[in-house]
There are 2 protein chains.
Amino acid sequence: MPPNTIPRPTESELSILRILWRRGPSTVREVVGELGADTGYTTALKLLQIMTEKGLVSRDDAERTHIFAPAVPEETTQRQLVTDLLDRAFGGSAQKLVLQALAGRKPSKAEVTELRRLLDSLEGK
Amino acid sequence: MPPNTIPRPTESELSILRILWRRGPSTVREVVGELGADTGYTTALKLLQIMTEKGLVSRDDAERTHIFAPAVPEETTQRQLVTDLLDRAFGGSAQKLVLQALAGRKPSKAEVTELRRLLDSLEGK
DNA sequence: GACAATCTACGAAAGTATTCGTATTAAACG
DNA sequence: CGTTTAATACGAATACTTTCGTAGATTGTC
């Protein structure tokens, strides 16, 4: 049974979650296929087993070949990670984080427009 | 001699860097004083030694009590970390990252204004 | 049915991060 | 001057993460 608090995924676990978010429910082999040649089959399997215990993924073992699906929403995890970084590296200043996230890139006009819209909606509350 | 590429700080290392960025050059004892009671003296010392090898901090050992200073700028490290997270968790979409960073908070009017100014300056280029 | 291929389980090895104990040395104090 | 206090060095213990080898079971194939 998964713990009632879901831990922050490790680096490898996050790589796997990203695949599952994109592909949806997948077999170990399918996940391995997307991980790149540097990750062995049993390694990926073991990680998925650990992630199942942690409650990060769910497993359908009705068939012999198990099928794994993400058990945490992408957005929730993203927020968890960015909030965590916000505290750990930016002293909680979202402003500074946004500044560094956008610095050094040339955001497209569309992106800027979208971000402006985001600010509008935030202010609306 | 420090390596010519400076690695991403670990979690503990980041805690120490944050203290050094805030306090400026500090002794081990001073750092320990701010780390909270859960970190022993020799632990902090060891971390600072490792960080010196990695080039994350510099050490002045002219006196018996050494003085450690950050060797990486706060902003550079922040950008390094946020860029890293951007790639690992957001598929490179700064927009989504900003969205999640601001979601669920009620940013002050001043913050929103500041962010708008940031967007303006980005667009100016 | 026998054999090969494929899958899961699992413990252990390898790698990395953190904590700690102990030795040694230097300063401070009486 | 001798003893206590405070500092660095460093190896080793612990913890966490990732990788791998091997065993056992099931499916597919000839």
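Numbers restart at 1 for each chain; the letters A, B, ... are given by sequence-line order, proteins then strands. Values below: all heavy atoms of this structure, side chains included; hydrogens, waters and symmetry mates excluded. Every value quoted in this text rests on a predicted model; they were computed, and no experiment measured them.
Ion pairing between B:E13 and B:R8 fails under the 4.0 Å rule for side-chain N and carboxylate O.
Each of B:V31, B:L35, B:V28 was scored for a side-chain contact (heavy atoms from CB on, under 4.5 Å) with B:Y41, with one residue passing: B:V28.
Contacts between residues 25-48 of chain A and DNA chain C, counted as heavy-atom distances below 4.0 Å, involve A:V28, A:R29, A:Y41, A:T42, A:L45, A:K46.
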Acceptor/donor pairs from residues 56-67 of chain B side chains to any protein atom, 3.5 angstrom cut, sequence neighbours excluded:
residue : atom : partner : partner atom : Å
B:D60   : OD1  : B:A62   : N            : 2.9

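With hydrophobic clusters built from ILVMFWY side chains whose heavy atoms lie under 4.5 angstrom apart, A:I50 does not share a cluster with A:L48. Placement of A:L14 and B:L97 within a single hydrophobic cluster is found when ILVMFWY residues are connected by side-chain heavy-atom separations under 4.5 Å, directly or transitively.
Close to C:dA9, at under 4.0 Å from its OP1 or OP2, lies a side-chain N or O of A:Q49.
Atoms CD (A:E63) and C1' (C:dT8) sit 15 Å apart, rounded to a whole Å. For the pair A:H66 NE2 and C:dC10 P, the computed distance is 11 Å after rounding to whole Å. For B:L56 and C:dA17, the CG to C1' distance is 14 Å, given to the nearest whole Å. Separating the CD1 atom of B:I50 from the P atom of C:dT16 is a distance of 13 Å, rounded to the nearest angstrom.
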If a protein heavy atom is under 4.0 Å from the base, mark B; if only from the sugar-phosphate, S; if neither, -; do that for nucleotides 25-30 of chain C going 5' to 3'. BBS---
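Checked against salt bridge (Lys or Arg N to Asp or Glu O under 4.0 Å), B:R88 has the following partners two or more places apart in sequence or in another chain: B:D84.
Nucleotides of DNA chain D lying under 4.0 Å from heavy atoms of chain A occupy a range whose first and last members, 5' to 3', are D:dT17 to D:dT27.
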If you apply the rule salt bridge (charged side-chain N to carboxylate O under 4.0 Å, His left out), what do you find for B:R116 with A:D120, and how did you get there? CA-CA 10 Å; B:R116 258 190 243 282; A:D120 290 343; 2.8 Å; yes
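Distance alone, capped at 3.5 Å, is enough to place a donor-acceptor pair between the A:S26 side chain and the A:G24 backbone. Remark: the backbone N or O of A:Q95 is not paired with any side-chain donor or acceptor of B:E114 at under 3.5 angstrom. Under the 3.5 Å distance criterion, the side-chain polar atoms of B:T76 are left unmatched by any main-chain donor or acceptor of B:V72.
Rounding to the nearest 0.5 Å gives a distance of 10.0 Å between CZ of A:R18 and CZ of B:F90.
Between B:Q80 and B:P9, some side-chain heavy-atom pair lies under the 4.5 Å cut-off. Counting heavy atoms from C-beta on, the side chains of A:L115 and B:V98 come closer than 4.5 Å.
Each end of the helix from C:dG1-D:dC30 to C:dG30-D:dC1 gets its own axis, taken as the rotation carrying the C1' atoms of four end pairs onto the next four within a five-pair window, and the two axes meet at 10° to the nearest 10 degrees.
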